[in-house]
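Bear in mind the structure is a predicted one, so any value in this text is a computation, not a measurement. Here is how names work: the chains are called A, B, and so on, in the same order as the sequence lines, proteins then strands, and each is numbered from 1.
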There are 2 protein chains.
Amino acid sequence: MRKTIFIFAALVVALLVLFQLSKYSLLTGNSSIEAIIAIIAIVFFVIGVIINKRILHKEKNVTQEINHKKIEELGLSKREYEVLCEIATGLSNKEIAEKLFVSESTIKTHVSNVLVKLDAKRRTQAIQIAKELQIIPI
Amino acid sequence: MRKTIFIFAALVVALLVLFQLSKYSLLTGNSSIEAIIAIIAIVFFVIGVIINKRILHKEKNVTQEINHKKIEELGLSKREYEVLCEIATGLSNKEIAEKLFVSESTIKTHVSNVLVKLDAKRRTQAIQIAKELQIIPI
DNA sequence: GCTTATTTCATACTTTAGTATGAGTTCTCA
DNA sequence: TGAGAACTCATACTAAAGTATGAAATAAGC
């Protein structure tokens, strides 16, 4: 937010400077009109591109961000969410158990809870639902 | 491609018109310098935004396209690819069988072939691999 | 301190997934 | 027309996945 304010301030300053500069140049006849127009055109073209890029970049990031509020809403615990992420990478219960240093039956319990909370019948469906809810990275 | 050429042509024409217009206006003293500068600034700002938007839009579309060459490379048949897509939506073998009007054992055969061709141990892993290879929509 | 949620684990069970094998049918292409 | 690929299906099996239940340990909050 601070950056945006700073950029707009700089923009206004640049605009005023250009105004005065062009006025002075034209009245004294030191430089051609074409050059001034070209400079103005280039400056504002660049400004347009930069601002547009910033806005689109923010939009992109929003779509990739994980919806932490949704995770809370669903009542997923830390461990359950962890297991869900491992499921999405394609690991089996046994592999997840080894990775998290717990028994396979523990993972089964977590998986069952995750399925209930996500309202899924299978782990493959859970992956899809989780991605739609944007609670795991695509 | 035609659109791009057309846009650039229109851009050049607009530029020349602005040149002549500003020159005329300034020499005859009909309008203020500020107004002309403002118009030029706005026009090129808009041009910058539009061009930037077009480029980014194209980039976005490229990342969402399905890699048909990869599907051929992997040797996936039509039916196998169809089954793979259904797996990715979270359906069980039985549900896929009902959807495609074939028996469950047929689906099992297809799934087995898909797993071998994608070098996956499980269907969840197959989903991940398929998404990384960009052969199924994210 | 007591309650509650979380994490852990086990056992027993049902269901689904996946493998292996064989075989019949259809379609294409040389 | 005949060889090969693709699609279909069945049976029998093993391996995972998922459910249900109970229970113990721990951490967090009132």
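B:R123 has a side-chain polar atom (N or O) that falls below the 4.0 Å cut-off from OP1 or OP2 of C:dG18. Applying the 4.0 Å criterion to OP1 and OP2 of D:dA6, one finds that B:H110 has every side-chain N and O outside that range. When the side-chain nitrogen and oxygen atoms of B:N93 are compared with OP1 and OP2 of C:dA17, one or more of them lie within a distance under 4.0 Å. Between B:R122 and C:dG18 there is no side-chain N or O to OP1 or OP2 distance below 4.0 Å. An OP1 or OP2 oxygen of D:dT8 is reached within less than 4.0 angstrom by no side-chain nitrogen or oxygen of B:T109.
The CG-P distance, from A:N113 to D:dG22, rounds to 16 Å in whole Å. In this structure, the CG atom of B:L91 is 13 Å from the P atom of C:dG18, given to the nearest Å. One atom, CG of B:L100, and another, P of D:dA6, lie 18 Å apart when rounded to the nearest Å. Protein atom NZ of B:K121 is 16 Å distant from nucleotide atom C1' of C:dT19, rounded to whole Å. Rounded to whole Å, atom P of D:dA16 lies 13 Å from atom CG of B:L115. Spacing between atom CG of A:L84 and atom P of D:dG18 amounts to 12 Å, rounded to whole angstrom units. Across the protein-nucleic acid pair, B:Y81 atom OH and D:dA5 atom P stand 23 Å apart, rounded to whole Å. Computed from coordinates, the B:E104 CD to D:dT8 P distance equals 15 Å when rounded to whole Å.
Counting non-hydrogen atoms under 4.0 angstrom, B:S103 reaches the backbone sugars and phosphates but no base. Here A:S105 lies in heavy-atom contact (under 4.0 Å) with a base. Among the protein residues, A:S112 comes within range of the nucleic acid bases, having at least one heavy atom under 4.0 Å from a base atom.
Picking from D:dC7, C:dC9, C:dT16 the nucleotide with the shortest atom distance to the side chain of A:T106 gives C:dC9. The listed nucleotides are C:dA17, D:dC7, D:dT8; the one nearest the side chain of B:K78 is D:dC7. Distances from the side chain of A:K108 to the nucleotides D:dC7, D:dA17, D:dC9 place D:dA17 closest.
The residues B:K70 and B:E73 are annotated as salt-bridged, a charged nitrogen and a carboxylate oxygen being separated by less than 4.0 angstrom.
Side chain of B:E95 to backbone of B:L91: no donor-acceptor contact under 3.5 angstrom is found. Counting only distance, with no hydrogens or angles, the side chain of A:K117 and the backbone of A:G75 share a donor-acceptor pair below 3.5 Å.
Looking at heavy atoms from C-beta onward, A:R123 lies out of side-chain contact with B:R122 at the 4.5 angstrom threshold.
Between the side chains of A:N113 and A:R79, not a single donor N or O lies within less than 3.5 Å of an accepting N or O.
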